Every structure is written in C-alpha cells, then in structure tokens.
*Asks:* 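The structure follows.
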Amino acid sequence: MYHFRSLIMQKVTKEHIEKLTDYLWEIPTSFRKDMLVPARILASEQILDDIIEDRSLNQLVNVATLPGIRKASLVMPDVHEGYGFPIGGVAATSYPDGAISPGGIGYDINCGVRLLTSSLKMKDIKEDLEALGKELYAKIPSGMGKGGQIRVFSEQMDEVLHRGAEWGVKQGYGHKDDLAYIESKGRLAWADPSCVSQMAKNRGTDQLGTIGSGNHFVEVDVVEEIYDNESAKAYGLHKNQIVVMIHTGSRGLGHQVATDYIRIMINAMQKYGIKLPDRELACVPFNSEEGQNYFKAMCAAANYAWCNRQIISWEVRNAWETLFGKEKGQLRLMYDVAHNIAKVEDHVINGKNERVIVHRKGATRAFGPNFEELPDAYIAVGQPVIIPGSMGTCSYVLAGTTKSYDITFGSCCHGAGRRLSRTAAKKQVNAPVLKEQLRERGIFIEAGSFKGIAEEAPIAYKDVNSVVDTVNISGIAKKVAKIKPLVVVKG
DNA sequence: ATGTTC
C-alpha cells in the first residue's frame, strides 16, 4: 500500500474542508483514497480554526478508513488528539461484521459523569464550603494508583463485573431507585468476567469507590442559570440549588482490559486482512472471537465503572449526612452518563433502519424524548447530558434531542476539551497561585498534588461556553442549566 | 486515562 503513504502524510488544512452548515464541516472522501466515508466536524468556525493545526483532524480522517464504518466519521467541538482515535469522536460500524476498536473507546472504559441533586441552596452551605471540601477529601480515596477500603475478590469481583451499579446497591451503597437514573441502568448485560484477565481483576481489587487522578474529580456546584424550565423541572434542577458532580471511570481494571485487547488485536488484525493507516486504530470484526471477547470484557469494565461511581455516591452521601444531618443530607441521583463506551444501537441511515456498533470516545449518548429506557419523569424531555467544564469555569446540564440521531448517531460532546497538553499546562501554570486565585473567587480545591492542579488549570481547556453553544445551536442537545463549582476534590 | 514510556 505504498501509494497511500504520501497521502496519509498529507495534513488536513482548511482548503480540504467543505462547509455543510454554520456548525457542520466535512472532509470528503476525495481527500484520501483510503477513506470509506466522509469525515465530519461539528464546530463553529472559531473552534475549527483553533483545531486546524491539531493532529486530531488527521486522526478523524484515519477513523474514516475503519472497516464497516457507516455514514461518517465524526468529531464533536471538544475534539482533541487521543490514542489513535480523536477524543470527542463518534464512529458507527455495521453490525455484526464491522470493526470494533478499543482505541475508539479509550483506555478509561466507561469514564463518565454523574450528577446528584440536593435540597440545599447556596445560603445553606456558604459557610461550610471549606469543611465540606475537607470532609469529601477525607471520605473519598483519590490519586494515582490509590485504593480504598473495599476489597472484591474472585466470585465477588465476577458479580461486580456482571451486575455493575446493581451490585453496589445490593451491598447497601445506595438506593434501589438510583438504578433507573443511570445510562443503561448501570449494567450492560453482555458483560463476561471470564473475558477479563486476572491482572485486570487484581488491579481492580481495591479500587471501587476511588476517583483516581488526571481530570477525575468530585465537585460541589451551585445551579447558576436555568435555560429550559420544562427540562429543568423534570430533572429536578432549580436556580441556586447545590448539586454534586462525580467524574471518574474504571480505573486500573479498565485500563488493563484496553491494554490486553489492543495487544491481542494488533496481532489478530493480519488474520482478518485488516490494514490501517495507524496501528493505534487496531481493530477486528465485531463478530470475530477476539471482537466478541473484547466487547464482553469492555461491558464488564463498564459495569465496574458504574459500580465505582455508585460507591463514590455513597461516600459523598455519607459526607453530606455528617455535615448537614439526616434530613438535609439527602442526595438524589439525577443521572449518570458514560463517555467512553461502545454500544450496539439501531439508527436510520439513508432512510433505512440499521443496527450499528457506536463507538463513543469522549462523547456521550444524547438520546431525545420518547426513548423507552429513560425514567418516566424524563421521557418527555429526553436524556440528561452532563458536560463538565474545567475546574474554575462552569459546567452544563443539557437534554438530548431527536435531531442528534440525524447528525451524530444520537451523541454529543463530553466536556470542554483539552487545548494544552498536560506537559504544556504544567509549564505555564503556577499551581499554588492558581489555587489561591480560585479560593479568592470562592472555589475551594482539595487536591493530592499541585501537579494535578496545574494539569487541570482552566487555561489547559477550551472555553466550555463556546463548545456548549455549538451543540446547542446545531440542535444535537439543548441547554438546560449552567452550574458553577464551589468545592473541587481531586487526586 | 494509567501500579505513566512495549
């Protein structure tokens, strides 16, 4: 495939991009001979100009060569460079023989976000923010490689992998009612613990109920603005309300599953005659033995992540009760979304219903109204989508729309999106100074390391407002509420 | 993201 090589080196520039609408751009298949479908970018012109120098658009083009890819390779406005596939990417492949690729899901399988709502208002906790930060930091284990008190071995681990959040609830870490408010009810039924290596299980033994490091956090926020009264009411959100956001994934266990299967797939690819422009896109047919084993292991790791966020919610609820008492200490689960996962879903392509394997990497599901999985209270307004911004800025709650099915296979962005690498951020940011500046603005950070603060500084991220405006105006999700951080707990 | 660079 030598004649492809020079083409593969060709960088995407603005001249290669066609404008479809003010917020949708396309790199046509004529750009490179190995593209099977066009590559599409959901972005304002400003965001497009900001990412044009990035390697992520070339990664987007590479994804368009994935065997069995349907309709288009897509990126959301929070796109940035990732392992093989860009982060902020969506790729749907045909079921059952299209590709499944661990790089299209990410190392942190079922990294995701959940939001808990409280009955407290800003005035109730104004004086308690620092104490709350210390209490949460004490109750929730955080940091690189950190474990917690809970241990799960052999049969119990298999049950966690099998049952996800349901296992947590059964053990007393939460209410039965929580489950209805989790994407896929916190459990993917295809999970098979026997497809998860012993090494992965060992790494997961003591990491349930822990947040990890990097961009993972537990955050207390106040609802600053409501944009859509009907949806906000359905979700139980109102102005000045205190809420809690949890962002983490499957920790070492999911990372090991990804590592194990990327290695397996790199070796198995030749057998299936798959050639790709970048070995980081390693994939096999979904219905091959390796593909099925990965999918079952990925589902198991996703279940582990849901169980993890369930147990962290229990830890948060304990801290809440300690500070505010039983009556005022209630926290309700608003919703929990995955943003690194693959799902088998039915979508309409060229007017025909098709079953596809939707890879979402740094992208969330954003299904609209009348989706039967949704809890009764949400069915008329659509699935909640939770978009964490950076530490010192703000975050959003959105509602999925029917229009997202047409444009993005029912998907939306997952955050602000990085604009500086971790290394670049560390060079530019003085973490102790930043911590003090945020404190002066009423934001209390409890972090295990200054390194973590520097890497996650607001300057390291795109403007979440313009990212959210893009998805809102293009119609793939609707703005419901803006929330502002008060307390941040990090690794 | 991750017991950080197969």
Side-chain angles (χ1 to χ4, degrees), chain A residues 56 59 78-89 101-114 141-148 151 196-208 210-218 246-269 278-282 297-298 301-302 304-306 308-309 312 337-342 359-364 388 390-391 414-426 447-449 451-457 460-461 490-491:
Chain A
S56 58
Q59 292 190 321
D78 54 341
V79 57
H80 56 110
E81 191 180 327
Y83 176 87
F85 293 61
I87 294 164
S101 174
I105 289 139
Y107 272 94
D108 189 2
I109 295 166
N110 190 5
C111 188
V113 198
R114 79 164 47 186
S142 64
M144 164 68 79
K146 273 286 179 62
R151 298 279 183 283
V196 176
S197 69
Q198 194 51 52
M199 167 118 64
K201 290 174 183 172
N202 291 346
R203 288 180 68 175
T205 294
D206 66 348
Q207 292 191 325
L208 283 172
T210 69
I211 50 182
S213 68
N215 63 0
H216 290 167
F217 61 76
V218 171
I246 298 165
H247 177 199
T248 187
S250 50
R251 309 284 282 102
L253 183 141
H255 191 273
Q256 191 61 46
V257 167
T259 305
D260 291 342
Y261 281 93
I262 286 169
R263 185 183 303 139
I264 288 169
M265 288 193 190
I266 286 173
N267 293 325
M269 257 167 49
D278 179 354
R279 66 184 243 148
E280 292 185 356
L281 301 174
M298 185 218 71
Y304 183 93
W306 272 314
N308 187 26
R309 291 197 285 277
I312 292 171
V337 279
H339 59 223
N340 280 7
I341 205 161
H359 298 66
R360 296 190 179 93
K361 180 191 197 177
T364 69
S390 65
M391 213 158 49
H414 83 308
R418 215 166 239 295
R419 58 174 279 273
L420 295 181
S421 69
R422 293 181 186 283
T423 338
K426 265 183 289 189
S449 71
K451 179 173 158 275
I453 296 180
E455 288 177 354
E456 295 304 314
Y461 283 86
K490 306 182 54 62

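Since we're looking at a predicted model, the values are computed, not measured. Order of the sequence lines fixes the chain letters, A, B, ..., with proteins taken first and strands second; residue numbering starts at 1 for each chain.
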*Asks:* Expressed as a whole number of angstroms, how long is the span from A/Ile87:CD1 to B/dT2:P?
*Replies:* 13 Å
*Asks:* Categorize A/Glu455 for me: base, sugar-phosphate, or nothing, with a 4.0 angstrom heavy-atom threshold over every strand shown.
*Replies:* nothing
*Asks:* Could you check whether A/Gly106 gets within reach of a base, just the sugar-phosphate, or nothing at all, counting any heavy atom under 4.0 Å?
*Replies:* nothing
*Asks:* Does a side-chain N or O of A/Thr259 approach OP1 or OP2 of B/dT2 to a distance below 4.0 Å, or not?
*Replies:* no
*Asks:* How many whole angstroms separate atom CD of A/Glu280 from atom C1' of B/dT5?
*Replies:* 13 Å
*Asks:* Could you tell me whether A/Glu456 contacts a base, only the sugar-phosphate backbone, or nothing, with contacts defined as non-hydrogen atoms closer than 4.0 Å?
*Replies:* sugar-phosphate
*Asks:* Can you check the A/Ile262 CD1 to B/dC6 C1' distance for me, whole Å?
*Replies:* 12 Å
*Asks:* How would you label the contact of A/Gly214 with the nucleic acid (heavy atoms, under 4.0 Å): base, sugar-phosphate, or nothing?
*Replies:* sugar-phosphate
*Asks:* Could you state the OH-P distance from A/Tyr107 to B/dT4, rounded to the nearest angstrom?
*Replies:* 13 Å
*Asks:* Between A/Asn340 and B/dA1, is there a contact of a side-chain N or O with OP1 or OP2 at under 4.0 Å?
*Replies:* no
*Asks:* Quickly work out the A/Leu253 CG to B/dA1 C1' distance and round it to whole Å.
*Replies:* 14 Å
*Asks:* Side-chain contact, heavy-atom cut-off 4.5 Å: A/Arg279 with A/Ile266?
*Replies:* yes
*Asks:* From NZ of A/Lys451 over to P of B/dT4, roughly how many Å is that when rounded to an integer?
*Replies:* 11 Å
*Asks:* Check the pair A/Ser250 / A/Ile109 against side-chain contact (heavy atoms from CB on, under 4.5 Å), numbers first and verdict last.
*Replies:* CA-CA 6 Å; A/Ser250 50; A/Ile109 295 166; 3.8 Å; yes
*Asks:* Between A/His255 (NE2) and B/dC6 (C1'), how many Å, whole number?
*Replies:* 13 Å
*Asks:* Would A/Glu280 and A/Phe85 satisfy side-chain contact (heavy atoms from CB on, under 4.5 Å), going step by step from the backbone distance to the final call?
*Replies:* CA-CA 8 Å; A/Glu280 292 185 356; A/Phe85 293 61; over 6 Å; no
*Asks:* Quick one: do A/Gln207 and A/Leu253 satisfy side-chain contact (heavy atoms from CB on, under 4.5 Å)? Show the steps, please.
*Replies:* CA-CA 8 Å; A/Gln207 292 191 325; A/Leu253 183 141; 5.8 Å; no
*Asks:* Only one of A/His216, A/Lys146, A/Arg251 forms a side chain to side chain donor-acceptor pair (under 3.5 Å) with A/Thr210, so which one is it?
*Replies:* A/Arg251
*Asks:* Any side-chain N or O of A/Arg251 less than 4.0 Å from the OP1 or OP2 oxygen of B/dT2?
*Replies:* yes
*Asks:* Taking atom P of B/dC6 as reference, at what distance in whole Å does atom OH of A/Tyr261 sit?
*Replies:* 23 Å
